[in-house]
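Below: the structure, in structure tokens.
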Amino acid sequence: MPEKEESKKEGFGKYILINELREKYADVFDDPGSESSVSDTLYLEGIHFSLVYFPLQHLGYKAVVDSIADIYCRSLIPAELSISIGVSTRFKREDIENIIEGMSIACKRYDLKISSLDISSSLTGLALSVASHGKKANGLRHETPKETDLICVTGDLGAAFLGLQLLERERKVFENTGGAQPKLEGFEYVIGRQLKPDLNTGLLDQLKKEGLGIG
């Protein structure tokens, strides 16, 4: 079999690549602005999270919130989830139940249902895939920002990233010293933003009331 020619492109991120693939294969990709849409989130152990400091319940909760956040950004309302879990032999039944319990808490918080669940073996640790299915929300509209538009954001940008930096710092200390206790006092808020984020869905009602769109 002939070898494929290696790409000469360097330094572009996944979102640029995704957009280029959507444009190249536009005939098979759905319109992001359609009335129904799906948002996929893939969490891989060692890449997107570390179980040194990430409780399994929190991980399940965050995976759901991360998936539905993109649905809200498209002016849609998430309704149901399709979940796939890959686990290696070091995980027990109780571990899987802890993940599902965290997802269940998120479902109750955001009024969601799990429509399908698949569990498979994995040779590389834990993997979570959450696909959230959205539907059109009455009174909300999606608008693409223009160059002259004023773009407003909600929440505290950077809090979750700071929480991640603190957790990673303490993880390295823990591993290098053979078990030194982490020093995280006073940083509970930013750590919480990383481990268990929440969405301000009440803002959508305000946007509908004011007739504003979401970019």
Side-chain angles (χ1 to χ4, degrees), residues 1-50 54 59-88 99 103 106 110 112-137 140-149 151-155 157-158 160-161 164 168 194 197 199 201 204 213-215:
M1 181 181 294
E3 294 185 1
K4 293 185 177 179
E5 184 178 350
E6 214 174 288
S7 172
K8 304 301 181 183
K9 290 188 176 182
E10 296 179 358
F12 60 86
K14 71 172 186 177
Y15 296 108
I16 295 177
L17 174 60
I18 290 172
N19 287 335
E20 288 182 352
L21 292 173
R22 291 188 68 95
E23 293 176 0
K24 184 173 182 179
Y25 302 100
D27 54 331
V28 296
F29 276 94
D30 190 19
D31 179 6
S34 62
E35 293 188 0
S36 63
S37 190
V38 177
S39 173
D40 290 310
T41 296
L42 178 62
Y43 274 23
L44 301 175
E45 183 179 357
I47 302 295
H48 302 102
F49 63 90
S50 170
F54 226 121
L59 182 62
Y61 185 95
K62 182 175 180 177
V64 170
V65 172
D66 193 2
S67 180
I68 65 175
D70 192 41
I71 293 293
Y72 280 117
C73 287
R74 302 178 195 177
S75 303
L76 302 171
I77 298 297
E80 59 183 36
L81 307 172
S82 298
I83 297 170
S84 297
I85 303 176
V87 290
S88 62
I99 295 171
M103 292 180 170
Y110 296 99
L112 305 167
K113 293 292 185 181
I114 298 177
S115 60
S116 66
L117 172 63
D118 185 38
I119 300 174
S120 180
S121 299
S122 169
L123 295 177
T124 56
L126 179 62
L128 300 179
S129 175
V130 180
S132 57
H133 305 262
K135 58 183 180 181
K136 188 172 179 59
L140 283 177
R141 68 181 190 278
H142 184 275
E143 295 181 353
T144 302
K146 304 178 181 61
E147 290 185 1
T148 56
D149 285 349
I151 300 177
C152 301
V153 297
T154 61
L157 299 181
F161 179 72
L164 176 62
E168 280 294 308
Q194 172 61 217
L199 303 174
T201 56
L204 296 177
I214 300 178

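Residue numbers start at 1 and run along the sequence shown.
A donor-acceptor distance shorter than 3.5 angstrom exists from the side chain of Tyr110 to the backbone of Leu199, with no hydrogens or angles considered. Without hydrogens or angle criteria, Lys62 side chain to Gln194 main chain gives a donor-acceptor distance under 3.5 Å.
The minimum heavy-atom distance linking Leu128 with Ala63 is given by the pair CD1-CB, 4.3 Å. Counting all heavy atoms, side chain and backbone alike, Glu45 lies closest to Gly125 at OE1-CA, 3.4 Å. Here the closest non-hydrogen pair linking Val130 and Met103 is CG2-CE, 4.0 Å. For the residue pair Ala131 and Asp40, the shortest heavy atom distance occurs at CB-OD1, 3.0 Å.
Applying the side chain to side chain contact (heavy atoms under 4.5 Å, CB included) test to Ser88 and every residue at least two apart in sequence or in another chain returns Arg90, Phe91. Applying the side chain to side chain contact (heavy atoms under 4.5 Å, CB included) rule to Ile71 yields the partners Ser39, Leu76, Pro78, Ser132; only residues at least two apart in sequence or on another chain are considered.
In this structure, Ser120 OG and Ile85 CD1 are separated by 11.0 Å, a value rounded to the nearest 0.5 Å. Taking CG from Leu112 and NE2 from His133, the interatomic distance works out to 11.0 Å, rounded to the nearest 0.5 Å. Note that CG of Leu59 and CG of Leu126 are 6.0 Å apart. Values are rounded to the nearest 0.5 Å. One distance of note links CG of Leu117 with OG of Ser84; it measures 7.5 Å at 0.5 Å rounding. Rounded to the nearest 0.5 angstrom, Lys135 NZ and Ser37 OG are separated by 14.5 Å.
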Exercise. Would Ile83 and Asp118 satisfy side chain to side chain contact (heavy atoms under 4.5 Å, CB included), going step by step from the backbone distance to the final call?
Worked result: CA-CA 6 Å; Ile83 297 170; Asp118 185 38; over 6 Å; no
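Classified by interplanar angle (parallel below 30°, tilted 30° to 60°, perpendicular above 60°), the ring pair Phe49/Tyr43 is tilted.
Side-chain contact between Val64 and Thr41 is absent, with no heavy atoms from C-beta onward closer than 4.5 Å. Within the 4.5 Å cutoff, the side chain of Leu44 has no heavy atoms near those of the Thr124 side chain.
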